[in-house]
Amino acid sequence: MKGALKLDKGFIVVEYESSLIKRVYWTNESEEEKNFPGRELFIDYFSGKKVDFGELNIDLTEFPSFFKRIYEVARRIPYGKVTSYKSIAELIGNSKLQRVVGNAMKNNPFLIIVPCHRVVKSDGSLGNFSLGVEFKKYLLTLEGVRLENEKVSCFRYWWY
DNA sequence: ATACTACGAACCT
DNA sequence: AGGTTCGTAGTAT
């Protein structure tokens with residue numbers, strides 16, 4: 001099953017089976033808008049409300065255990081906070097695996113629900129994003145994270 | 001087998 | 001400020 005929500009610049013698409021979410025991604029083409037798990041949360045989120053997606057069920061079974069653990073950790077980053085690729089690597093148990101974390105974020109199959117936009121570089125600069133850095137900036141701004149010359153303040157917004 | 005990452009630290013100009 | 005080098009595991013060719 002597939003549902004889509006129309007936003008300013010495109011659609012957010014959610015693939016699911018009953019209450020289990022299989023994939024969330026972005027597209028420019030119009031899709032049919034239907035009811036789907038978490039629809040109200042997405043509406044609230046994009047209208048600027050503080051939303052916790054923690055209740056939603058996501059299907060991680062198909063992913064390598066390493067990626068699975070990365071997504072599980074990334075999911076816990078609170079609304080309006082950020083952390084680094086390295087910090088996640090440390091929480092997984094090997095601080096040298098920042099690049100693998102980047103890899104996992106790049107392939108993030110649960111856009112917004114796994115908040116990969118809250119993962120930035122250790123020095124506070126944004127790093128990269130699958131939908132472009134501007135999109136990452138937009139999401140962080142939406143959550144009230146302020147940027148000072150293209151960096152987030154590590155003191156104010158850091159999680160771990 | 002090899003090359004490439006949404007990184008980071010150390011060590012250079 | 002910038003550039004180079006290397007480590008590491010998953011993915012793609």
Practice problem: Looking only at side-chain atoms of A:S122, point me to the closest of C:dT8, B:dA9, B:dA6. | Solution: B:dA9
Practice problem: Figure out the CG/C1' separation between A:L139 and B:dA6, and round it to whole Å. | Solution: 14 Å
Quiz item: Between A:F42 and A:F36, what is the ring plane arrangement, given parallel below 30°, perpendicular above 60°, and tilted in between?
Solution: tilted
Quiz item: What is the nucleic acid contact for A:Y85, judged by heavy atoms within less than 4.0 Å: base, sugar-phosphate only, or nothing?
Solution: base
Practice problem: For A:K106, report the nucleic acid contact type (base, sugar-phosphate, nothing); a contact means any heavy atom under 4.0 Å. | Solution: base
Quiz item: In whole Å, what is the span from the CG atom of A:N108 to the P atom of B:dT5?
Solution: 19 Å
Practice problem: Figure out the CD/P separation between A:E62 and C:dT11, and round it to whole Å. | Solution: 12 Å
Quiz prompt | Under 3.5 Å on both distances, the Watson-Crick or G-U partner of B:dC11 | solution = C:dG3
Exercise. Determine the Euclidean distance between corresponding C1' atoms of B:dA9 and C:dG10; express it in Å to zero decimal places.
Key: 22 Å
Quiz prompt | Phosphate-side-chain proximity, A:K96 and C:dG7, N/O vs OP1/OP2 below 4.0 Å | solution = no
Practice problem: Provide, to the nearest angstrom, the distance between the CG atom belonging to A:D123 and the P atom belonging to B:dA10. | Solution: 14 Å
Quiz item: Taking side chain as C-beta onward, heavy atoms only, is A:W159 less than 4.5 Å from A:R76?
Solution: yes
Self-check item: side-chain contact (heavy atoms from CB on, under 4.5 Å) partner of A:L111, chosen from A:V14, A:L131, A:V13
Solution: A:L131
Self-check item: Candidates B:dT5, C:dT11, B:dG8 - which lies nearest the side chain of A:R99
Solution: B:dT5
Quiz prompt | Among B:dG8, C:dT11, B:dA6, the nucleotide that comes nearest once only the side chain of A:Q98 is considered | solution = B:dG8
Exercise. Please name the pair of heavy atoms, one in A:E33 and one in A:L5, separated by the smallest distance, quoted to 0.1 Å.
Key: OE2-CD1, 3.5 Å
Quiz item: Does the ring of A:F66 carry A:R69 above it, NZ/CZ under 6.0 angstrom from centre and within 45° of its axis?
Solution: yes
Quiz prompt | Among B:dT5, B:dA9, C:dA9, the one nearest A:L97 by side-chain distance | solution = C:dA9
Quiz prompt | Length of the CG-P vector between A:N103 and C:dT8, whole Å | solution = 16 Å
Quiz prompt | Candidates C:dG7, B:dA9, B:dA6 - which lies nearest the side chain of A:K136 | solution = B:dA6
Quiz prompt | Spacing of A:K121 atom NZ relative to B:dT5 atom P, expressed in whole Å | solution = 13 Å
Quiz item: Rounded to whole angstrom units, what separation is found between the CE atom of A:M105 and the P atom of C:dA9?
Solution: 17 Å
Quiz prompt | Among B:dA6, C:dT11, B:dC7, the one nearest A:P64 by side-chain distance | solution = C:dT11
Exercise. Could you tell me the separation between the CZ atom of A:F63 and the P atom of C:dT11, rounded to a whole number of Å?
Key: 9 Å
